[in-house]
Structures are given as structure tokens and as C-alpha cells.
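Indexing begins at 1, ligand by ligand and atom by atom, following the structure's order.
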Amino acid sequence: MTAEAAEEGLGRSRDEARPVGVPAGPEPERGAAEVHLADVKAHEGVQAFISLADRYLGEIGYTEHGFRHASLVSNIAFNVLHRLGYDDRTAELGAIAGYLHDMGNFVSRTMHSQTGAGITYDLLRDLGMAYGEIGIVLGAIGNHEEEFGNPVNPVGAALIVADKSDVHRSRVRVKDPTRFDIHDRVNYAVTRSFLRVDAEARTLTLEFEIDTEMAGVMEYFEIFLSRMMMCRRAAEYLDCRFKIDINGTAL
Ligand SMILES: [Fe+2]
Ligand SMILES: [Fe+2]
């Protein structure tokens, strides 16, 4: 789904969209504005900080963490919640959390999820978002890194799976393969990645096509094991099983 579709696909009411067993999203707060993904994207601070976060991470040798990553994670988080039957507002909060989750990297890579949550509070309040909704978004952002994060709400669980799904050749900035570190090598090896959501089977399957000449499957797991364990916990939070498929083989 495109970002535009994520912004537009919001026609269902809280109760229409919610199947049995799926909790409703937050109640609207009196006096607060319904802040949409388009409003967040248009905020000057959001644009400035995501741009700086990507530039500063580039300075210290990290893969791409800019608007491409932000938009992709936003779309995937929206899709996960939408397809699993969560109401439209919860899905849009997933899209907003996905777009903002790595913004704190412009302050420091270390603890960027916590720093980012603090900055996000100010920006969302500036836009007039209700406290209850801000709390959901901040809980998601503050828990998206594997070192200390845990799925604490459906938005956060979707954000974890969406963020960890973005492993791809296009994220590598280093042009010379002889200068690749293990993260560059593994990202560069992935020529296709896709998170398949099967609402009936209750599975979230991360499908990768890997060029095994660039990086072996074992190398992939060497750096991604902790992320995949986090994805499993996040999928379980969403009442799903997490599966990985590499080059057409289920692992
Ligand atoms: Fe992050
Ligand atoms: Fe990220």
C-alpha cells in the first residue's frame, strides 16, 4: 500500500472495522484534533529532524534511515494493523509511529528511541493530538529497539515487525563493496523483502530473496537473530505466528 493509500484508506468506523476479540482504538479526546499522517509529514520539525537523523547516521557509517525508511515502515505498520482487523484510527497511529520512529537519531544513535519519543511528544502536541493517542505512539516508538524494547500495544507490535522487515540493498550507502561491514553486506545481499500478512492463518511472514554470493544465510542470522526474536514476540502480541522465508524456503 502506498503512503497515499495509507492516508486515504480510513473509511471504516471504530466498530465496523473491529472483529470480535480485537480491542478498539483510543476514544477521541475532547478539544483535541484528529491528527493524520499527512499533517505529521507536513510538520516542518518532522521534515528537518528526519533529514538530519539520516545525515548524521550517514556520518557514522549507518545504513539509510531517512524518508525512504520512514515511509516504508509507516506503510508496513499501517498494513499489518489494517489487515489484522484493527480499526482505522489504530492503523493510522501505526502509520504515524512508523514515520516518526527513528527521528531521535539526529540527537544520538544511542537511546534514539527514547530521545525520539521525547521529541515526538512536543511535535504531536503542537499538532493538537490527544494525550491518549500520543501515549500510544510514544509507547510504540520508545519500545522499537531490540536492546530494551517490548511490544506494549498493537501499534508498537506492528512498528517492531515493520521496522525489522526493512532489510534491503537500497539501504546501503557505501558504494565500494570492499568497504562493506557486515550490516552493509547483509543489507546489500537482500534483493527483495516483503512482509506477508495472512489474517486468516494469523501469520506474519518475512520473505527475503538473498544473493548468497554477497552474504550467507548464517551471516544474516548472526546480526539479525535478536531482531527476529523481537519480531516473534511482536507477532505473538498481535495473536499471530512469525515466520521467515528465505529464497523460497521456510525456516
Ligand atoms: Fe530505530
Ligand atoms: Fe528503523
Side-chain angles (χ1 to χ4, degrees), residues 3 6 37 40-41 46-81 93-121 123-124 136-173 181-184 186-188 190 193-195 204 206 208 220 223-235 237 242:
L37 177 61
V40 171
K41 285 184 174 181
V46 170
Q47 291 296 311
F49 295 156
I50 292 178
S51 175
L52 282 176
D54 190 38
R55 194 194 311 169
Y56 293 168
L57 285 181
E59 294 289 337
I60 55 173
Y62 278 80
T63 53
E64 184 271 341
H65 280 73
F67 294 108
R68 177 207 153 279
H69 178 63
S71 299
L72 191 67
V73 173
S74 173
N75 288 346
I76 299 173
F78 178 91
N79 268 341
V80 167
L81 293 165
L93 292 179
I96 291 170
Y99 196 75
L100 298 174
H101 77 283
D102 271 338
M103 194 171 59
N105 279 299
F106 85 91
V107 179
S108 169
R109 174 68 188 172
T110 307
M111 305 289 280
H112 70 272
S113 46
Q114 274 63 40
T115 315
I119 296 159
T120 298
Y121 171 80
L123 295 177
L124 294 181
I136 291 169
V137 172
L138 299 194
I141 292 176
N143 275 287
H144 84 269
E145 287 297 318
E146 60 265 30
E147 290 90 342
F148 36 68
N150 286 291
V152 293
N153 59 38
V155 168
L159 171 59
I160 288 167
V161 181
D163 183 35
K164 308 313 170 199
S165 300
D166 186 19
V167 184
H168 195 266
R169 172 167 291 190
S170 57
R171 296 192 73 183
V172 179
R173 301 181 209 247
D181 64 13
I182 187 170
H183 288 267
D184 292 330
V186 167
N187 271 282
Y188 195 82
V190 177
S193 55
F194 182 74
L195 182 69
L204 302 177
L206 193 43
F208 286 132
Y220 169 82
I223 62 170
F224 284 102
L225 187 61
S226 59
R227 295 187 196 179
M228 294 305 107
M229 308 252 298
M230 193 185 195
C231 283
R232 192 171 69 183
R233 290 204 308 277
Y237 189 94
F242 180 68

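- Of all N, O or S atoms in His144, the one lying closest to the Fe ion (ligand 1) is NE2.
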ring-ring contact (aromatic ring centres under 6.0 Å, His included) between Tyr56 and Phe106, intermediate numbers included: CA-CA 6 Å; Tyr56 293 168; Phe106 85 91; 7.2 Å; no

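- Taking 2.8 Å as the criterion, His101 counts as a coordinating residue of the Fe ion (ligand 2), since one of its N, O or S atoms falls below it.
- In this structure, Arg169 satisfies the cation-pi test against Tyr188, with its NZ or CZ atom closer than 6.0 Å to the six-membered ring centre and inside 45 degrees of the ring normal.
- Taking backbone and side-chain atoms together, Glu145 has an N/O/S atom less than 2.8 Å away from the Fe ion (ligand 1).
- When only modelled atom types and interatomic distance are considered, Thr63 and Arg173 share no side-chain donor-acceptor pair under 3.5 Å.
- The minimum distance between the Fe ion (ligand 2) and any N, O or S atom of Asp163 involves atom OD1.
- Using a distance-only test at 3.5 Å, with no hydrogens or angles considered, a donor-acceptor pair links the side chain of Gln114 to the main chain of Gly142.
- Remark: of the listed residues His144, His69, His112, His69 is the sole one forming a side-chain hydrogen bond (donor to acceptor under 3.5 Å, both in side chains) with His101.
- Taking 2.8 Å as the threshold, His65 does not count as a candidate ligand of the Fe ion (ligand 2), since none of its N, O or S atoms lies below it.
- Checking Asp166 against the Fe ion (ligand 2), every N/O/S atom stays at or beyond the 2.8 Å cut-off.
- Checking side-chain atoms of Gln47 against main-chain N and O of Lys41 turns up a donor-acceptor pair under 3.5 Å.
- In terms of distance to the Fe ion (ligand 2), the nearest N, O or S atom of Asp102 is named OD2.
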